[in-house]
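So that the names make sense, note that chain A is the first sequence line, chain B the second, and so on, each numbered from 1.
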Amino acid sequence: MFKRLAEAGAPVAITVDGKAISARAGDTVAAALLVAGIDHCRTTPVTGAPRAPYCLMGVCFDCLVTVDGVGSRQGCLVPVREGMTIETQLGKREAGR
Amino acid sequence: MNASDLAPTYDLAVIGGGPAGLAAASLAARAGLSTVLFDENPGIGGQIYRGITSTPVTDRTILGEDYWAGAELAAEAKTSGALIVGGATVWSLDPQRIVGVSIGGKARLIEARRVIIATGAQERPFPVPGWTLPGVMTAGGAQTALKAQGLLPAGRTVIAGTGPLLWLLAAQILRAGGKIEAILDTTPRANWLRALPHLPDFVLSPYFAKGLKLLREVRAKAPVVRADRIEAVGTERLSEVRFGRGDGDRRIAADLLLLHQGIVPNVNLAIAAGVAHEWNERQLCFQPVLDPDFGSSVPGIAVAGDGAGIAGGTAAAERGRIAAIAAVCALKPQATVPDPQTVRQRLQREEMGRAFLDWLNRPAERFRQPEGDTLVCRCEEVTAQQVHDMAAMGCEGPNQMKAFLRCGMGPCQGRLCGLTVTELIAQQRDTTPAEVGYYRLRPPVKPITLAELASLPISEIERKAVER
Ligand code: FES
């Protein structure tokens, strides 16, 4: 869906659902997921529908992911950090975490 | 910067680091007010100047000169003496000007003698069938990814909607070497009727020449098709876009659909702080009721920038300056400030041509008042039909609707359904959005964890805040 215009920024190693992904310094979690081609970052609590980042500006909350064990963080507002572990969220089960 | 490093009180707290917030903080700090600026994004610039101090897009022609104009504003703010805190989420503001802020998982309450809310704008909800599918994003989102991370849409990209930002994004994508399958222009032709009387002003405004150039640039490289119906189709993600005019039905395979139909003030924090709002019929949104200095109905709280009503980035900076001058005059009357009349004149010039743009790009009713199974509330997955039915059964307002259907109760707190729900109720009950009103909003306006709340230190102000 997205590609990098320039490989600027130092590589930052993160994992998404246990899979290693190379992000770049300056990425937010949501941007890193988008460019890695992850198709969704959570499913909804009501119908379990897949959702991906929609606004990238902190408004829609569709980018909610678990970051280093803390659930429901807005991926578009959190900068990536070396060694960060990100988990996609299953709406029904983990909404309350 | 840690939450614990914040002082307990500041003369001025500015919330939001876009053009209005940067200009306001900069002016106030230079005049000698102890000033703190909070922004929830990692870097300053707001949406318009997103990534201005860090963007990997070094070819200046891609984002354009209007974007790079933000660099000066950012540099001025940085050297002004204002404390600028990124990654700081303001989750509450009360009429006593106690600001609840969370930084790196730790929360604090601080007191400000004056507050300038500069939380800017968000994109207007664009509820079309399938707008929640992965692969559908806002044009503003794609622009943010381009500015902040240098990400360019790859694969088959379709852009749909109306408004200046749509064309700007298209131009930026094309300049960066990206490809656009189609631009679906949803601007209703009938808008020209109401826009035309404002054309002379627009022609004299800086937007005119720029706008024409942009349109020409985009049209030369991307097919533009008019559409009055748009549907995103796919099962787990977007696979095609269906669109048409009248009875026509066309489809185009797509990996990414970027939607945009203008921007509206980000009202959540101001409403939760008790600031009175009113309906703006031209811009089809709620905006705060403000005096000429951008002071709100709550003493000591001003709202500047696009949050005060949409006027664009350069106007936002001037509005921020006017609000800051008022704060300085109130707290430090002996300080030197720029001549407010000069700033007002500049603001007036910037606001010229707005009426034309607003009327011309007013989104069509069918894209604001959806029907049937189209989701209105993305969070709680409430459909247009449900809202219609409830309104028909006698539900009179958005707050009652919330209680019945849970719309507006999800994590986005109505940011992506508020205007739609208000308009749908007004339509169904044959009244006006002004009459129907907006969701009642209460702090926290951003979710805050129990751990963050528990991290609050107990100080005098903090006790005051709780013991009322
Ligand atoms: S993508 Fe909308 S809040 Fe993060």
Shortest non-hydrogen contact between [X] and [Y], atoms and distance:
| X | Y | answer |
| --- | --- | --- |
| B:Cys412 | A:Cys60 | CB-O, 3.7 Å |
| A:Gly58 | B:Lys446 | O-NZ, 2.8 Å |
| A:Arg51 | B:Glu381 | NH2-CG, 3.7 Å |
| A:Leu56 | B:Ala145 | CD1-CB, 3.8 Å |
| B:Gln149 | A:Gly26 | NE2-O, 3.1 Å |
| B:Gly135 | A:Met1 | CA-SD, 3.6 Å |

Side chain, backbone, both or neither: which part of [X] has an atom under 4.5 Å from a heavy atom of chain A?
| X | result |
| --- | --- |
| B:Glu40 | both |
| B:Leu450 | neither |
| B:Ser54 | neither |
| B:Ala148 | backbone |
| B:Leu146 | side chain |
| B:Arg237 | side chain |
| B:Leu258 | neither |

So which of [options] has the largest heavy-atom pair count under 4.5 angstrom toward chain A?
| options | result |
| --- | --- |
| B:Gly150, B:Pro411, B:Ala176 | B:Pro411 |
| B:Asp255, B:Thr58, B:Asn266, B:Val136 | B:Val136 |
| B:Arg378, B:Glu380, B:Arg406, B:Gln143 | B:Arg378 |

Query - Winner by heavy-atom pair count (cut-off under 4.5 Å) against chain B, out of A:Pro50, A:Cys55, A:Ala31 - result: A:Pro50
Report summary line: If you tally heavy-atom pairs under 4.5 Å between each of A:Met57, A:Arg73, A:His40, A:Gln74 and chain B, the highest tally belongs to A:Met57
A side-chain contact here means heavy atoms from C-beta on lying under 4.5 Å apart; do [X] and [Y] qualify?
| X | Y | value |
| --- | --- | --- |
| A:Phe61 | B:Leu416 | no |
| B:Leu256 | A:Phe2 | yes |
| A:Arg4 | B:Leu151 | yes |

Report summary line: In this structure, CD1 of B:Ile173 is separated from CG of A:Leu5 (nearest 0.5 Å) by 11.0 Å
